[in-house]
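Working notes, beginning with the structure itself.
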Protein chains: 2
Amino acid sequence: MKNKILEFRKRKGFTQDVLAKKCKVTRQTINAIENDRYDPTLQLAFKIAQVLNVKVDDLFKP
Amino acid sequence: MKNKILEFRKRKGFTQDVLAKKCKVTRQTINAIENDRYDPTLQLAFKIAQVLNVKVDDLFKP
DNA sequence: ATAAAACGTAAAAACATTTTGACATTATAA
DNA sequence: TTATAATGTCAAAATGTTTTTACGTTTTAT
């Protein structure tokens with residue numbers, strides 16, 4: 001699953017740690033997802049999208 | 001996580017079993033997700049949305 | 001009313017994710 | 001250049017999801 005977390009995160013000026021805290025997960029989780037080591041749960045995908053003000057469909061692509 | 005699988009599935013005239021096969025999962029998996037027993041993986045969420053011709057954002061709501 | 005199709009549910013095993021804690025590397029600014 | 005922030009990565013344990021098998025209930029059509 002491809003994702004544009006880096007792109008939208010930078011656009012917001014967030015570090016991985018800041019994004020992680022806003023999503024209430026660890027920095028390692030955001031890092032792993034951003035680097036495609038695994039996909040987030042649906043819940044977390046929605047949370048990240050919400051925090052970055054984008055649609056899940058725009059943030060992730062199969 | 002709320003979902004509108006039933007609504008869009010009926011709109012397509014699919015049974016749970018038909019939808020399951022198109023998504024390459026068991027009928028029980030579709031049934032469990034449709035009845036909110038658990039959320040699907042992000043992959044499966046995208047697959048269900050694709051089969052039902054809708055956006056993930058329109059099919060699921062946090 | 002009865003058969004067949006569709007749906008609901010449960011427990012356990014298999015599989016995927018997240019957390020935790022730690023350490024390494026790279027980028028940035030003073 | 002050196003301290004600091006930011007990022008990358010790992011392994012083990014905790015947590016969560018999916019599959020399988022099996023059986024029960026409800027709906028639909030004849």
Side-chain angles (χ1 to χ4, degrees):
Chain A
M1 184 82 67
K2 287 177 188 168
N3 76 79
K4 295 182 177 166
I5 295 177
L6 174 64
E7 174 183 336
F8 290 118
R9 178 170 66 76
K10 290 287 183 188
R11 193 172 297 181
K12 282 274 178 188
F14 293 164
T15 64
Q16 291 182 346
D17 197 46
V18 165
L19 176 57
K21 275 166 180 138
K22 286 178 186 292
C23 294
K24 298 188 199 302
V25 294
T26 63
R27 179 183 65 78
Q28 287 86 337
T29 294
I30 293 297
N31 182 280
I33 295 166
E34 190 171 299
N35 289 291
D36 274 324
R37 274 208 296 291
Y38 50 75
D39 295 328
T41 59
L42 190 58
Q43 279 270 354
L44 182 52
F46 268 94
K47 184 66 182 175
I48 296 171
Q50 177 218 304
V51 168
L52 295 179
N53 295 121
V54 295
K55 294 276 184 190
V56 168
D57 289 280
D58 294 330
L59 192 53
F60 297 93
K61 299 284 182 197
Chain B
M1 182 82 66
K2 286 176 190 169
N3 75 80
K4 296 182 178 165
I5 295 178
L6 174 64
E7 175 183 337
F8 291 117
R9 178 170 66 77
K10 291 288 184 188
R11 193 171 298 180
K12 284 272 178 187
F14 294 162
T15 64
Q16 290 181 344
D17 196 45
V18 165
L19 176 57
K21 275 167 180 136
K22 286 178 186 291
C23 294
K24 299 187 197 304
V25 294
T26 62
R27 179 182 66 78
Q28 286 83 343
T29 295
I30 293 297
N31 181 280
I33 295 166
E34 190 171 298
N35 288 292
D36 274 323
R37 275 207 298 290
Y38 52 75
D39 295 328
T41 59
L42 190 58
Q43 279 271 354
L44 182 53
F46 268 93
K47 185 67 183 173
I48 296 170
Q50 177 219 305
V51 169
L52 295 179
N53 295 119
V54 295
K55 295 275 183 191
V56 168
D57 289 280
D58 294 330
L59 193 52
F60 297 92
K61 300 284 181 199

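Each chain gets a letter, A, B and so on, in the order its sequence line appears, and its residues count up from 1.
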Whole-Å gap separating [atom2] ([N]) and [atom1] ([X]):
X	N	atom1	atom2	value
A:Asp36	C:dT17	CG	P	11 Å
A:Ile48	C:dT17	CD1	P	13 Å
A:Glu34	D:dT7	CD	P	7 Å
A:Phe46	C:dT17	CZ	P	17 Å
A:Leu19	D:dA6	CG	C1'	14 Å
B:Met1	D:dT17	CE	C1'	13 Å
B:Ile30	C:dT9	CD1	C1'	16 Å
A:Ile5	D:dA6	CD1	P	18 Å

remark   = Interatomic distance, CG@A:Asp39 vs CE@A:Met1, rounded to 0.5 Å, equals 4.5 Å

ask   = Say you draw a straight line from CD of B:Gln16 to OG1 of B:Thr29; how long is it, rounded to the nearest 0.5 Å?
value = 11.0 Å

Can you see if the side chain of [X] gets near the phosphate of [N] - specifically, an N or O under 4.0 Å from OP1 or OP2?
X	N	answer
B:Asn35	C:dG8	yes
B:Gln16	C:dG8	yes
A:Arg37	D:dT7	no
A:Lys24	C:dT19	no
A:Thr41	D:dG16	no
B:Arg27	D:dT18	no
A:Thr26	C:dT19	yes
A:Asn31	D:dT7	no

inquiry  = Can you confirm whether A:Val25 sits close enough to A:Ile33 that some side-chain heavy atom of one is under 4.5 Å from a side-chain heavy atom of the other?
reply    = no

query = Does a side-chain heavy-atom distance below 4.5 Å link A:Leu52 with A:Phe14?
reply = yes

request  = Counting heavy atoms from C-beta on, name the nucleotide in C:dT18, D:dT7, D:dT18 closest to the side chain of A:Lys10.
outcome  = D:dT7

message = Nearest to the side chain of A:Tyr38, heavy atoms from C-beta on, is which of C:dT19, D:dT18, C:dA6?
response = C:dT19

query = Relative to the 5' end of DNA chain D, which residue comes earlier, B:Gln28 or B:Ile33, by the nucleotide with the nearest heavy atom?
reply = B:Ile33

query = Of A:Lys10, A:Arg9, A:Arg27, which is the lone residue that meets salt bridge (Lys or Arg N to Asp or Glu O under 4.0 Å) with A:Glu34?
reply = A:Arg9

